[in-house]
Amino acid sequence: MPEHTPPAPESEETGRSAVTPEGARPSGGEEPALDRPLPEGVRHRVVAVAADAFGGFTFAELPVSLRPYARFTPTRRVKYAATALAAALESDTAFRQKVAGRLREAQPELTEALDAGSPPPAADPLDVAAAAYLLRPPGWAKLVATAGEEAQRADAERADEEAARELARLREEVAALHAQSRTEAARARAELESVRKEGDALHRKLRAAHSDIKRAEAARRKLQVELEEFRAAAAHDRAAIESEMRRLRTRLAEAEGAVEANRKAAREGRSVEDVRLRLLLDTVLDAASGLRRELALPPRDTMPVRPADTVDAVAPGQMSARDIAARALSATDPALLDQLLALPQAHLVVDGYNVTKTGYPAMPLDKQRLRLLGGLAALAAQSGAEVTCVFDGADLDMPVLLAPPRGVRVLFSKSGETADELIRRLVRAEPPGRPVVVVSADREVADGVAKAGARPVASTLLLNRLARV
C-alpha cells in the first residue's frame with residue numbers, strides 16, 4: 001500500500017534532500033518514513049491488529065473516518081474498513097500510538113524486544129514488521145522492508161513448492177494419460193481392424209446383392225414381355241368369346257321366340273280374354289242352372305226370349321257372394337266358408353303367411369307352408385273350388401323348392417312386390433261377377449279386395465275350417 005511520504009528538508013549547502021542508509025528519509029526531528037509501498041502481507045497484518053484494537057476505543061477516541069465502522073466486528077472491519085484503517089494509521093499519529101499501546105499490552109515480549117533493537121529470531125516476520133510499523137522504534141523502516149522481503153521469499157518458496165507438487169501431479173497425470181492413450185490407441189487399432197474386416201465382408205455382400213439385382217431386373221424384363229404377350233392373347237380370346245356370346249344370345253333369342261310361338265300355337269290361338277270370357281260364361285251358366293233347379297223353373301225353350309233377358313243382372317232370389325253375409329252365421333263359423341265355396345266357379349285366394357303366422361307362428365316357415373298347403377289340398381278336393389295360395393317372396397334370396405299339392409295353385413310375389421299387391425292383381429284379373437273369396441287378416445288387403453268385388457274373410461275362419469279336414 002503506498003504511503004504518503006513527507007518531503008525531506010534540503011541541506012544548507014546543496015539544497016538536496018538527505019536519505020538515511022536504512023531507506024528512511026529523515027526530516028529534521030520527524031520520524032523516518034518508508035520510501036516504498038508497505039508490503040501486502042505486512043499491510044494486512046497491520047490492519048488486522050488495528051481492527052482487533054478498534055473495539056477498545058471509545059467513540060470519541062476514534063478518528064472521524066473510522067467512526068462509521070465502530071459497531072462492526074473485527075472480521076467485518078478487516079473486510080470493509082481496511083483502506084480507512086491504513087490511512088488513519090499513516091496520517092493520525094495519536095491513533096497509531098493508541099493502537100501501538102494496545103499491541104504492547106497484547107504482546108509485551110515482542111514489543112520489548114523491538115524497543116531493545118533485537119527482534120526475536122523465531123518470531124513471524126509479518127508480526128515483527130507490523131509491530132515495528134506501529135511502534136516506530138529506531139530502524140523500523142528497515143525492519144518493515146526486511147520482513148516484507150522475507151515474507152515475499154516465504155511466499156515465493158511456498159509457491160515454488162506448490163508449483164513443484166502441481167508439476168509432479170501433472171506429470172503423473174500426463175503419464176497416466178499417455179498410458180491410457182496407448183491403451184485406447186491399441187483398442188482403436190483393434191476396432192479399426194475389425195471394422196475393416198466387416199467392411200470387406202459388406203463390400204462382398206454388396207457386390208453379390210448388385211449381381212442379384214441385375215439378375216432380378218433381367219428376369220423382371222423377361223416376365224414383363226411374357227405378361228404383355230399374355231395380355232394380348234387374353235384380349236384376343238376375350239374378343240372372340242364376346243363375339244361367340246353375342247352369336248349365342250342371338251340364337252337364344254331366336255329359340256325363345258320359337259318356343260313362345262309354339263306355346264301360342266299350343267293354346268290354339270286362345271287369348272287371356274277368351275279364357276276370362278269362357279270362365280265368366282261358365283260361372284253364369286252354373287249359377288243359372290242352380291237357380292233353375294232351386295226355383296223349379298221350366299226349361300228355357302218353353303219360355304219366350306225377351307230382350308230384357310239378355311241384360312246382365314241378378315234375378316230375384318239369386319244368391320251372390322255379398323248375400324251370404326246376410327245370413328245368421330258368425331264371421332268365424334266354418335259353415336260360412338262352405339257356403340261361399342259352394343257358389344258356382346268360386347275362387348279361394350289365401351294370404352299364406354298371414355294365415356300361418358296367425359295359426360302356428362312358432363313353426364319354421366317351410367313347415368308353415370307345408371301344413372297350410374296340405375289343408376288347402378283337402379279343402380279343394382272337398383269343395384271343388386279353385387284354390388290359390390299366395391306367399392311373400394320379395395325377400396327370398398333363391399327360389400323355393402316346393403311341389404304344389406293337387407288342386408292348389410302356389411304363387412310367390414316377385415322382387416319388389418308384396419303378397420298383398422299380388423292378391424289385388426289376382427282379384428282384378430277375375431271377370432266381374434265371379435265369386436272370389438280372399439282369406440287375410442290384413443284390413444288394408446280386405447278393404448282393397450272388397451272394392452274390387454271380392455269377399456274378404458278372416459284368417460281364423462279358414463283355420464277353423466281346416467281344423468275339420
Side-chain angles (χ1 to χ4, degrees), residues 183-267 269 271-272 352-353 356-357 363-370 372-373 388-405 408-426 429:
T183 304
E184 294 290 340
R187 185 168 65 252
R189 284 194 294 271
E191 292 179 356
L192 178 60
E193 186 65 23
S194 176
V195 169
R196 285 178 179 173
K197 291 180 180 179
E198 291 180 359
D200 295 338
L202 290 176
H203 279 300
R204 289 192 295 272
K205 291 181 181 179
L206 182 60
R207 287 193 293 271
H210 278 302
S211 300
D212 294 341
I213 290 173
K214 290 180 180 179
R215 288 193 295 270
E217 288 291 333
R220 185 186 64 79
R221 289 192 292 270
K222 181 179 178 181
L223 290 175
Q224 188 70 24
V225 173
E226 293 178 356
L227 179 61
E228 294 296 334
E229 294 176 354
F230 177 77
R231 286 177 176 174
H236 182 269
D237 294 342
R238 184 169 60 252
I241 291 172
E242 290 177 354
S243 176
E244 182 65 18
M245 288 180 64
R246 287 193 294 271
R247 187 179 66 82
L248 291 176
R249 287 194 187 100
T250 302
R251 293 185 60 185
L252 179 61
E254 294 174 355
E256 289 177 351
V259 169
E260 186 63 25
N262 292 334
R263 286 177 179 173
K264 290 181 179 180
R267 296 193 196 107
S271 64
V272 177
Y353 287 140
T356 59
K357 292 180 180 180
M363 298 176 63
L365 291 181
D366 54 345
K367 301 294 183 181
Q368 293 181 15
R369 289 194 295 266
L370 292 177
L372 175 61
L373 294 177
T388 302
C389 186
V390 178
F391 294 104
D392 194 351
D395 296 331
L396 294 177
D397 296 332
M398 59 184 65
V400 178
L401 300 178
L402 177 66
V408 180
R409 181 187 298 106
V410 180
L411 298 177
F412 287 88
S413 62
K414 299 183 295 183
S415 177
E417 182 184 37
T418 63
D420 299 345
E421 296 172 349
L422 179 56
I423 291 173
R424 294 189 188 96
R425 289 198 297 114
L426 287 172

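Along the sequence shown, residues are numbered consecutively beginning with 1.
Here the shortest heavy-atom pairing between Leu365 and Tyr353 reads CD2-CE2, 3.9 Å. Residues Gln368 and Met363 approach most closely at NE2-O, 2.7 Å, considering heavy atoms.
Taking CG from Leu411 and CD1 from Ile423, the interatomic distance works out to 10.0 Å, rounded to the nearest 0.5 Å. Atom NZ of Lys222 sits about 14.0 Å away from atom CG of Leu227, to the nearest 0.5 Å. The CG atom of Asp237 lies 6.0 Å from the CD1 atom of Ile241; values are rounded to the nearest 0.5 Å. With rounding to the nearest 0.5 angstrom, the CG atom of Asp200 is 6.0 Å from the CZ atom of Arg204. Note that CG of Leu372 and SG of Cys389 are 4.5 Å apart. Values are rounded to the nearest 0.5 Å. Taken from CZ in Arg231 to CD in Glu226, the straight-line distance is 13.0 Å, to the nearest 0.5 Å.
Within the 4.5 Å cutoff, the side chain of Lys214 has no heavy atoms near those of the Glu217 side chain. The closest side-chain heavy-atom distance from Asp420 to Val390 is not below 4.5 Å. By the 4.5 Å heavy-atom criterion applied to side chains, Ser413 and Asp392 are counted as neighbours. Taking the side chain as every heavy atom from C-beta outward, Val410 and Phe391 approach each other to under 4.5 Å. For the pair Glu421 and Arg425, the minimum side-chain heavy-atom distance is 4.5 Å or more.
Evaluation of the side chain to side chain donor-acceptor pair (under 3.5 Å) test over residues 240-252, restricted to residues two or more places apart or in two chains, returns Glu244-Arg247.
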